[in-house]
Amino acid sequence: MSVHLQFDPIRLPPECETLRAEVRAFLAEEIAAGTFDPHQPGHGDAYNRGFSRRVGAKGWIGMTWPKQYGGHERSQLERYVVTEEFRVANAPSHLHFVADRQSGPILLRYAPEHLKADVLPRICRGELCFCIGMSEPGSGSDLFAAKTRATKTDGGWRINGSKIWTTSAQVADYMLALFRTSPPTKDNRRHGLTQFLVDMKTPGIAVNPIYQMTGQRGFNEVVFDDALVPDDHVMGEIDGAWKQATSELAYERSGPERFLETFYVLPELIRALGPEPDLRGAEGLGRLVAQLHTLRRMSVSVAGMLQAGKEPVVEGSIVKDLGTLWEQKLPGRVRELTAFLEPEVINHATLDEQLAFATMIAPKLTIQGGTTEILRGIIARGLGLR
Ligand SMILES: Cc1cc2nc3c(=O)[nH]c(=O)nc-3n(C[C@H](O)[C@H](O)[C@H](O)COP(=O)(O)OP(=O)(O)OC[C@H]3O[C@@H](n4cnc5c(N)ncnc54)[C@H](O)[C@@H]3O)c2cc1C
């Protein structure tokens with residue numbers, strides 16, 4: 001069955017530009033106070049509880065959520081502006097970002113009232129960090145092959161097994177996890193998984209570090225040994241999580257953070273080429289900026305469609321696929337375009353350091369949040385091609 005594919009031609013409204021100015025002023029103050037360095041590789045990945053609380057106090061976490069739960073009832077387009085400015089500035093939003101982007105919206109839809117009232121306002125205040133427990137050894141792309149078991153017991157569920165590649169588990173307060181509650185059925189191999197809210201302080205949870213090439217502790221293995229999760233921490237339908245997982249992925253895949261992770265080397269290129277670049281420099285830079293502009297229009301369009309209550313799963317997958325390829329290619333293009341510049345116009349040592357970091361994080365970009373091949377499968381299905 002073919003699905004209609006459409007990028008609504010959405011532009012950011014004027015109130016977004018007022019907000020952008022406020023965000024820039026706030027970030028400039030934080031930079032001046034020494035909270036982070038916009039040119040320092042890796043700062044965007046840092047966890048900074050003080051900074052997250054100050055962002056929460058500004059009203060920039062849970063921006064689109066109901067006021068009743070600490071949210072601010074602003075639009076997805078306004079949220080887009082905040083995400084974009086934070087990413088471009090390399091601001092340390094890692095602590096609150098996953099909760100803001102996808103865990104909060106899941107809780108809003110599926111958590112019981114008392115949990116919403118307890119957890120959502122704390123997310124909005126920048127106090128909570130969430131991690132995503134989907135991938136397991138042996139089930140990454142094939143999410144619905146997950147084996148970590150949740151077994152019904154008195155008053156709750158006993159969890160046994162392990163998750164892997166879990167970003168932020170070492171600092172997270174909660175995990176939103178998919179566990180197996182029943183075997184798959186003959187007719188539906190996606191059946192049998194349930195989503196749970198797991199308090200990471202629960203006895204029986206061990207978090208083991210996995211380091212990235214950059215030396216950062218990017219992610220973890222999380223081992224569950226008879227950890228008890230209460231009944232009221234089940235999110236949504238028992239055995240039916242496959243229905244809710246796809247809409248979570250539309251939030252996860254389409255935002256500007258999906259093509260701006262190596263962005264910080266682009267201003268360096270512009271600075272190095274100067275106001276009158278030669279033909280090769282101008283052509284190379286023009287191409288990169290034109291592609292970025294197009295990606296941005298597409299990503300804004302997806303934000304607008306989320307605002308309109310649509311589920312742009314295919315469009316979000318297209319943005320993530322094209323966006324990650326662009327950010328992956330960027331460090332190499334910057335290296336090519338700056339290699340022959342004289343030392344008077346460019347500090348090669350500083351740029352080399354920035355490019356080295358961007359090059360080391362490049363391989364992960366097309367894997368995290370769904371691999372290129374998987375996204376193309378989703379797009380092909382959406383277009384009725386498979
Ligand atoms: C930086 C980073 C952060 C991450 N953070 C998290 C996190 O917080 N929580 C979490 O749950 N997971 C996280 N992941 C895991 C990520 O979602 C998985 O690595 C990803 O889904 C791929 O799964 P896999 O590693 O098991 O590879 P596999 O699924 O084994 O895939 C291996 C290769 O085979 C290809 N392939 C697999 N199936 C198909 C198919 N049907 N058709 C065509 N090609 C196919 C893939 O594209 C890939 O190239 C993170 C990953 C990275 C890199």
Side-chain angles (χ1 to χ4, degrees), residues 41-42 44-47 94-103 106 129-148 159 161-180 189-190 193 195-198 200 205 207-224 241-242 244-246 248-253 255 257-262 316-317 320-321 323-325 327-328 357-382 385-386:
D45 287 335
Y47 302 95
H94 218 126
L95 190 108
H96 63 262
F97 190 70
V98 164
D100 177 56
R101 178 179 67 189
Q102 65 195 84
S103 315
I106 291 281
C129 179
F130 270 66
C131 61
I132 307 165
M134 291 190 180
S135 306
E136 294 182 9
S139 82
S141 302
D142 190 8
L143 188 58
F144 300 106
K147 289 196 176 71
T148 296
I159 315 298
S162 60
K163 295 285 171 186
I164 199 162
W165 315 128
T166 320
T167 306
S168 306
Q170 76 275 24
V171 290
D173 303 283
Y174 289 102
M175 172 189 279
L176 266 184
L178 280 185
F179 297 131
R180 181 149 300 283
R189 62 180 294 277
R190 299 174 156 206
L193 291 173
Q195 194 165 36
F196 290 83
L197 175 69
V198 180
M200 291 297 283
I205 301 180
V207 178
N208 304 317
I210 304 175
Y211 291 93
Q212 293 186 10
M213 265 193 283
T214 54
Q216 289 173 304
R217 184 175 178 178
F219 32 44
N220 304 270
E221 175 198 46
V222 182
V223 181
F224 297 88
W242 58 278
Q244 56 208 63
T246 34
E248 178 173 350
L249 294 174
Y251 285 96
E252 186 178 344
R253 289 178 173 160
E257 72 278 10
R258 287 303 184 196
F259 50 85
L260 294 174
E261 210 162 323
T262 57
S317 300
K320 204 250 166 192
D321 181 23
T324 53
L325 289 175
E327 60 179 354
Q328 199 169 54
F357 188 86
T359 305
M360 279 192 282
I361 64 166
K364 75 171 180 121
L365 301 171
T366 47
I367 303 173
Q368 62 188 12
T371 66
T372 299
E373 291 77 12
I374 292 302
L375 292 169
R376 291 184 184 173
I378 293 170
I379 296 163
R381 195 175 297 115
L385 300 171
R386 64 187 279 247

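First listed ligand is number 1; within each ligand, the first listed atom is number 1.
- When Val198, Ile205, Leu197 are each tested for a side chain to side chain contact (heavy atoms under 4.5 Å, CB included) with Met175, only one passes: Val198.
- Side-chain polar atoms of Glu261 and Gln368 form a donor-acceptor pair below 3.5 angstrom.
- Side-chain N/O atoms of Ser162 and Glu221 include no donor and acceptor closer than 3.5 Å.
- Counting only heavy atoms, the protein gets under 4.0 Å from atom 19 (O) of ligand 1.
- Nearest to atom 24 (P) of ligand 1 among the protein's heavy atoms is Gly140 CA, 3.9 Å.
- For Phe179 and Phe224, the ring centers are positioned less than 6.0 Å apart.
- Nearest-residue assignment for atom 27 (O) of ligand 1 (options Pro363, Ala145, Ser141; heavy-atom criterion): Ser141.
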Checklist entry - Can you check side chain to side chain contact (heavy atoms under 4.5 Å, CB included) on His94 and Ser168, steps first, answer last? => result CA-CA 8 Å; His94 218 126; Ser168 306; 3.6 Å; yes

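- Using a 4.5 Å heavy-atom threshold, the side chains of Gln212 and Met360 count as separate.
- Protein heavy atom nearest atom 1 (C) of ligand 1, with residue, atom name and distance: Gln368 OE1, 3.2 Å.
- Residue contact check: Met134 has heavy atoms under 4.0 Å from atoms 11 (O) of ligand 1.
- Inside a 4.0 Å radius of atom 33 (C) of ligand 1 there is not any protein heavy atom.
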Next on the checklist: Between Arg217 and Asp45, is the salt bridge (charged side-chain N to carboxylate O under 4.0 Å, His left out) condition met? List the steps.
Outcome noted: CA-CA 10 Å; Arg217 184 175 178 178; Asp45 287 335; over 6 Å; no

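- Residue Thr166 has no nitrogen or oxygen atom sitting less than 3.5 Å from a nitrogen or oxygen atom of ligand 1, judged on distance alone.
- Distance remark: protein heavy atom present below 4.0 angstrom from atom 38 (N) of ligand 1.
- Nearest non-hydrogen protein atom to atom 42 (N) of ligand 1 is Ile374 CD1, 4.4 Å.
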Next on the checklist: Working note: Arg189 + Asp142, criterion side chain to side chain contact (heavy atoms under 4.5 Å, CB included); need CA distance, chi angles, decisive distance, verdict.
Outcome noted: CA-CA 11 Å; Arg189 62 180 294 277; Asp142 190 8; 2.9 Å; yes

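- Ranking protein heavy atoms by distance to atom 12 (N) of ligand 1, first place goes to Ser135 OG, 2.8 Å.
- Looking at Glu327 and Thr262, their side chains never bring a donor and an acceptor atom within 3.5 Å of each other.
- Trp165 O, 2.7 Å is the protein heavy atom nearest to atom 6 (C) of ligand 1.
- The heavy atom nearest to atom 9 (N) of ligand 1, considering only Val98, Ile132, Thr371, is found in Ile132.
- Distances from atom 44 (N) of ligand 1 to the heavy atoms of Arg376, Met175, Glu373 show the closest one on Glu373.
- The protein heavy-atom contact nearest to atom 2 (C) of ligand 1 is Phe219 CE2, 3.4 Å.
- At the shortest separation from atom 3 (C) of ligand 1 among protein heavy atoms lies Thr167 OG1, 3.3 Å.
- The shortest side-chain heavy-atom distance between Thr148 and Ile159 falls under the 4.5 Å cut-off.
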